[in-house]
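Data block below; observations after.
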Amino acid sequence: MLRRFKQYFQKITKAHSQRRQKIMTIDQHIVTVGPTNYYVSRALITDVPEMLAIEKAVYAGKTPWDENAFKTELRRQSGRFYIVMRHNDRLCAFCGCAFDDRRQYAHITNIAVHPDFQNQGLGRFMMQAMIKRATYLNYRTVTLEVRYSNVAAQRLYTGIGFEKAGIKKRYYFGDHEDAIDMTYHLPVATTDD
C-alpha cells in the first residue's frame, strides 16, 4: 500500500513539475504590442546592466534594486520568472515574479518600462503574462507593492483588476516612501467531472 502511494505521489509530483516547467517557458518570442513587434525572453544575468539602466531612467538616476539583488533573483530558478522585452536589440522593459506553490500566490517583485517605451502597453502585457501563468498554476492571487507617489502605475494596476489591500509604511529603502499593497484575485479553478 505504501509503495503504491509513493508511486502515485511521484507520478503526481512529476506531472506537476513538468506542467510548471512548461508554464515557465516562453513559446512565442516575437509578440506584437500595439503596432510594434518585440522580442520577449527569459531574463539572463547578462541582462542585468541594461535592467539597472532602465531603473536609473525610470527612478531619476536611482536603482531601487542593485546588481546583486537582480543576480540573486535570476539565479533562483525555482519559483522565479523574469522576462525582458527588446525592440531592435534594445532592452526596453522587464518584469519579475515570485511563484509560491505552497501558498498558491504569485508576487510581482519588479517591473519597469524605459521612459521611451512607456504608455505603449508593455507594462500591461508583462503583468498579464504573469497573471496568465499564475492562473495556469491554479493560484489564488497575484500581489505587488507600488510606491504611494506612482499614480500612473496604480492606474495601470487597477485597470488590470488589482485592488488596493493596504499600506506598508516607510516600505522603500532609501527614501522610506510608503507602499500600497495591491492584490489581484484570480478566478477559482473549476473541475469538470
Can H107 and T143 be counted as having a side-chain donor-acceptor contact under 3.5 angstrom? yes
Do I83 and R42 make a side-chain contact, defined as non-hydrogen atoms from C-beta onward lying under 4.5 Å apart? no
Can you confirm whether D116 is buried at CG, in the sense that more than 12 heavy atoms of other residues, nucleotides or ligands lie under 6.0 Å from that atom? yes
Between E163 and T158, is any side-chain donor less than 3.5 angstrom from a side-chain acceptor? no
Is the distance between the ring centroids of Y139 and Y105 under 6.0 Å? no
Parallel, tilted or perpendicular for F99 and F81, by the 30°/60° rule? perpendicular
Check the orientation of F70 and F94. Use parallel for under 30°, tilted for 30 to 60°, and perpendicular for over 60°. perpendicular
Is there a donor-acceptor pair closer than 3.5 Å between any side-chain N or O of H29 and the backbone N or O of V40? yes
For the residue pair E145 / Y171, report whether a side-chain donor-acceptor contact shorter than 3.5 Å exists. yes
Crowding at NZ, K168 (>12 non-hydrogen neighbours, <6.0 Å): yes
Tell me if a side-chain donor or acceptor on Q154 pairs with a main-chain N or O of R147 at a distance below 3.5 Å. yes
Cut-off 3.5 Å, side chains only: do Y38 and T32 have a donor facing an acceptor? no
Of all heavy-atom pairs between A93 and V113, which one has the smallest distance, and what is that distance? CB-CG2, 3.9 Å
At their closest point, which heavy atom of M126 faces which heavy atom of A112, and how far apart are they? CE-O, 4.1 Å
Using side-chain heavy atoms (C-beta onward) and a distance below 4.5 Å, is T183 in contact with V142? no
In plain terms, say whether R86 and D89 are close enough for a salt bridge, that is, a side-chain N and a carboxylate O under 4.0 Å apart. no
Does Y172, at its OH atom, have more than 12 non-hydrogen atoms belonging to other residues, nucleotides or ligands within less than 6.0 Å? yes
Tightest non-hydrogen contact, residues I111 and G123, listed as CD1-O, 3.8 Å
Residues N110 and E55: side-chain donor-acceptor under 3.5 angstrom: yes
Note, E67 side chain near L52 side chain (heavy atom, < 4.5 Å): yes
Quick one, N37 with V31, criterion side-chain contact (heavy atoms from CB on, under 4.5 Å). Give me CA distance, side-chain angles, the key distance, then yes/no. CA-CA 6 Å; N37 288 336; V31 298; over 6 Å; no
Which heavy atom of I54 sits nearest a heavy atom of H114, and at what distance? CG2-N, 3.8 Å
